[in-house]
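All remarks here apply to the structure that follows.
Throughout, protein chains are lettered first and strands after them, A, B, ... in sequence-line order, and every chain is numbered starting at 1.
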2 protein chains.
Amino acid sequence: MPIVLRCLSYDGAVATRQAGRERIPPHPDIRTITLQQVLEALVDPVRRRIVNELYTGGQDLRCGTFDLPISKSTATHHFNVLREAGLIRQYYVGTSRMNALRRDEIDEAFPGLLRALSGRE
Amino acid sequence: MPIVLRCLSYDGAVATRQAGRERIPPHPDIRTITLQQVLEALVDPVRRRIVNELYTGGQDLRCGTFDLPISKSTATHHFNVLREAGLIRQYYVGTSRMNALRRDEIDEAFPGLLRALSGRE
DNA sequence: CCGAAAGTACGATTCCTGTCAAACTTCGAT
DNA sequence: ATCGAAGTTTGACAGGAATCGTACTTTCGG
């Protein structure tokens with residue numbers, strides 16, 4: 001099931017009706033992300049919990065599957081921060097927003113970081 | 001025979017303290033430090049700069065040798081945070097406060113972390 | 001078509017953290 | 001005895017970040 005991510009053009013033209021449309025802001029190139037941004041994202045325990053679950057689970061997960069001790073709107077905020085920090089890739093499936101850890105890219109840009117942080121409280 | 005040092009308080013009253021009671025608060029056992037605390041310490045760019053300089057320099061450094069873009073009182077704050085997070089060990093030499101990276105202990109408690117963060121902006 | 005589910009957007013609030021200046025302490029040297 | 005260097009302490013302050021509730025949007029199922 002290939003997921004096609006289409007970019008939005010400048011005039012806002014709609015590119016496709018497939019799942020994974022432009023409801024999601026563009027993902028940053030990981031090479032533009034600084035260590036500072038990554039640390040600011042990962043210093044929050046809720047966000048680190050999300051990343052850890054994706055890291056150990058090894059599969060993409062809906063926002064709703066994380067059992068987070070916060071409200072939905074706050075959860076949205078945290079997922080946004082993770083996406084803007086280049087740590088996760090998001091796409092829609094139905095009304096569900098899926099979250100994928102950008103593991104290989106992170107490992108290349110920040111070697112050893114994910115591993116050093118994984119599995120800890 | 002306890003050696004007694006004199007110490008003045010604001011009102012001029014003479015207080016006493018035992019020799020061996022140091023000017024520097026006790027350092028935490030690194031095993032009591034959580035990843036959360038370490039990340040909170042290292043998320044600040046000034047503090048990361050300090051740690052990086054100690055990491056790459058490989059020797060203890062006076063507070064004053066770091067060329068930090070902040071006031072002295074703010075610098076004191078940052079060194080305190082690093083010490084309380086178990087990342088540095090401090091001791092006096094004359095009026096100078098020396099700072100040592102607790103490298104081996106950190107590496108044991110948080111394998112790969114220092115290396116993953118070192119040398120980056 | 002309608003309603004429920006999943007999530008977003010927005011504004012308000014609260015709390016925390018980095019920052020500084022000013023006054024103070026401690027130590028070494030003069 | 002005093003002075004300067006190095007750093008600390010304290011109090012105040014500004015900006016940012018996490019949080020929430022409410023209203024809104026999109027999609028799917030019946």
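Here D:dG21 presents its C1' atom at 12 Å from NZ of A:Lys72, a figure rounded to the nearest Å. Residue B:Leu68 contributes atom CG, which lies 11 Å from atom P of D:dG7 at whole-angstrom precision. Taking atom CG of A:Asn80 as the reference point, atom P of D:dA18 lies 12 Å away to the nearest angstrom. Here the P atom of nucleotide D:dG16 and the CG atom of B:Asp44 are 15 Å apart, to the nearest Å. Taking atom CD of residue B:Gln90 and atom P of nucleotide D:dG7, one finds them 10 Å apart after rounding to whole Å. Distance, B:Glu40 CD to D:dA17 P: 14 Å, rounded to whole Å. Whole-Å rounding puts the A:Ile24 CD1 to D:dT26 C1' distance at 12 Å. In this structure, B:Ile70 places its CD1 atom 6 Å from P of C:dT19, rounding to the nearest Å.
Using a 4.0 Å heavy-atom criterion, one finds that B:Tyr92 contacts the sugar-phosphate atoms exclusively. B:His77 comes within 4.0 angstrom of a nucleotide base, judged by non-hydrogen atoms across all strands.
Note on B:Arg47 versus B:Glu40: no salt bridge recorded, every NZ/NE/NH1/NH2 to OD/OE distance being 4.0 Å or above. Ion pairing between a basic and an acidic side chain is recognised when a charged N comes within 4.0 Å of a carboxylate O; A:Glu105 and A:Arg31 show no such pairing.
For the 3.5 Å distance criterion, the side chains of B:Ser71 and B:Thr74 qualify, holding a donor opposite an acceptor. Checking A:Tyr91 against A:Asp60 by side-chain atom types alone, a donor-acceptor pair falls below 3.5 Å.
Comparing atom distances between the B:Thr95 side chain and each of C:dT19, C:dT26, D:dA18 picks out C:dT26 as nearest.
Between B:Arg62 and D:dA5, a side-chain N or O to OP1/OP2 separation shorter than 4.0 Å is absent. Taking only side-chain nitrogens and oxygens, A:Arg23 never comes nearer than 4.0 Å to OP1 or OP2 of D:dT26. Distances shorter than 4.0 Å separate some side-chain N or O of A:Ser71 from OP1 or OP2 on D:dC20. Considering only side-chain N and O atoms, B:Thr74 lies nowhere under 4.0 angstrom from the phosphate OP1 or OP2 of C:dG18.
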Checklist entry - Please walk me through it: do A:Glu53 and A:Arg48 pass salt bridge (charged side-chain N to carboxylate O under 4.0 Å, His left out)? => result CA-CA 8 Å; A:Glu53 231 165 295; A:Arg48 217 161 56 251; over 6 Å; no
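A donor and an acceptor atom sit less than 3.5 Å apart, one in the side chain of A:Ser73 and one in the base of D:dG21.
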